[in-house]
> 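I'd like to ask you about the structure that follows.
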Amino acid sequence: MATTMHWLGNGSGLNLALNNTSFYLKGAGPRLALVDCGFTVPARLHALGILDKVTDIIVTHLHADHVGGLETLGSMLYYALRRRGDQLPMLHLPTDALAQQLWDQSLQAGLVNGSDDANQPIDATLTTYFRVSTGPIARIEGLPAATFIPTRHIPRMPNYSLRFDNRTYYSADSRDMPPFDADLIFQDVHFQPPFDDEVHASYFRLRDEMPATVRAKTWLVHLGNGYENFSPEKDGFAGFIKQDQEFQL
Ligand SMILES: [Zn+2]
C-alpha cells in the first residue's frame with residue numbers, strides 16, 4: 001500500500017526562517033503519523049487543516065525542534081477536540097526511560113495542572129494527553145514499521161534515527177553516516193567542514209565519503225543558515241528537502 005510522506009518543514013533548530021524538520025506519513029487507512037513535533041509543527045498542521053487528523057507521533061529525541069510542539073498538540077487534542085481513551089494520539093518512543101524523560105524534563109511543567117471533563121483540576125500525566133507505546137519498533141496500522149536506531153547526536157543524550165521497513169532511512173538528528181544500502185535516505189546536515197564533536201553530519205563529509213550511487217538517493221534536510229549557498233544537485237545529492245515536498249514510499 002502506498003504511503004505519502006509530506007514534509008512539514010526543513011529547517012534546523014537554529015534556522016528561524018524555516019519551519020522545523022518534521023514530516024507526516026499517511027496511507028490509505030485512518031492513521032496519520034507525525035515523525036517528530038517541533039515547536040513550529042502545530043501551526044503547520046493547522047495551516048494544512050490536518051491537526052485533528054493526527055493519530056500517532058514518533059519521537060526521535062528531546063530537542064525542542066523535535067518535541068517542542070507536543071504541549072500545544074496534546075492540549076489542542078485533549079481540551080479543544082475532546083479526544084479521550086483510544087482516540088488519544090499515540091506517542092511512539094524507543095524506551096520507557098525516554099518517555100519518562102519527555103514528561104519529567106520537557107512537558108510536565110506546562111501540562112501537569114490539567115482539568116477533567118467536569119472542569120475540575122487534576123494532576124495530569126503524560127497518559128492524560130497521549131497513549132504511549134515504547135519498544136524498538138514503532139508499528140502503526142497501515143504504515144511502514146519504523147525501527148529506532150541509536151545514533152550519535154549530542155553527547156549523553158538519547159538519540160535515534162529511523163529505518164522504515166520499506167527501506168527508507170531518516171537520520172533525524174545524527175552525526176553518523178546513513179546506511180548505504182537504504183533505498184531512500186533523508187539525512188540531516190551541517191555546512192561546516194567535519195570536526196571532532198559535530199552533532200550533525202558535515203555536508204562535506206557526506207559529499208566526499210558517500211559513493212555517488214548513495215548520494216543520488218540522499219535528500220538533505222534540517223537546513224541551517226547559509227544553506228542557500230550550496231548546490232546539492234551539483235554535488236551529486238538528490239537535493240534539499242523543500243517544505244510541503246511529498247514522496248510516495
Ligand atoms: Zn537535535
Side-chain angles (χ1 to χ4, degrees), residues 5 7-25 33-45 57-74 91-95 97-110 134 136 138 146-164 168-179 185-206 218-227 230 240-241 243:
M5 165 193 262
W7 287 86
L8 297 164
N10 55 356
S12 78
L14 302 181
N15 186 348
L16 301 184
L18 299 176
N19 286 305
N20 300 153
T21 289
S22 171
F23 58 87
Y24 72 74
L25 298 174
L34 294 179
V35 174
D36 289 330
C37 184
F39 51 86
T40 68
V41 168
R44 289 286 301 134
L45 296 169
I57 306 109
I58 298 173
V59 174
T60 65
H61 68 294
L62 302 189
H63 276 145
D65 59 321
H66 293 258
V67 297
L70 285 176
E71 178 182 329
T72 298
L73 180 66
L91 281 179
H92 300 265
L93 301 114
T95 65
L98 194 62
Q100 191 68 48
Q101 189 180 21
L102 173 64
W103 178 252
D104 289 346
Q105 298 181 358
S106 183
L107 298 180
Q108 180 172 211
T134 58
T147 299
F148 291 100
I149 301 169
T151 44
R152 295 177 298 165
H153 180 35
I154 303 291
R156 305 186 307 281
M157 182 184 201
N159 185 75
Y160 297 84
S161 303
L162 298 174
R163 185 142 187 181
F164 295 93
T168 298
Y169 173 82
Y170 172 50
S171 67
D173 288 5
S174 169
R175 61 173 292 180
D176 294 334
M177 295 292 274
I185 295 168
F186 299 95
Q187 176 67 48
D188 64 308
V189 67
H190 73 81
F191 294 104
Q192 298 165 286
F195 56 95
D196 282 346
D197 53 353
E198 62 186 1
V199 299
H200 301 285
S202 166
Y203 180 96
F204 300 98
R205 186 159 56 88
L206 296 169
T218 298
W219 291 86
L220 302 176
V221 69
H222 206 274
L223 307 176
N225 298 294
Y227 76 95
F230 290 78
F240 287 144
I241 288 291
Q243 179 172 299

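Every number for a ligand or one of its atoms is a count from 1 in the order of the listing. Below, all heavy atoms of this structure are taken into account, side chains as well, without hydrogens, waters or symmetry copies.
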> Give me the ring orientation class for Phe23 and Phe186: parallel if the planes are under 30° apart, tilted from 30 to 60°, perpendicular past 60°.
tilted

> Please name the atom of His63, restricted to N, O or S, that is closest to the Zn ion (ligand 1).
ND1

> Between the Zn ion (ligand 1) and Asp173, is there an N, O or S atom separated by less than 2.8 Å?
yes

> From Tyr170 OH over to Asp188 CG, what is the distance, rounded to the nearest 0.5 angstrom?
7.0 Å

> So which of the N, O or S atoms of His153 lies nearest the Zn ion (ligand 1)?
NE2

> May I ask you to check whether His66 and Tyr160 place their ring centres under 6.0 Å from each other?
no

> From the options Asn20, Asp173, Asn15, select the one residue that forms a side-chain hydrogen bond (donor to acceptor under 3.5 Å, both in side chains) with His222.
Asp173

> Assess His61: does it contribute an N, O or S atom lying under 2.8 Å from the Zn ion (ligand 1)?
yes

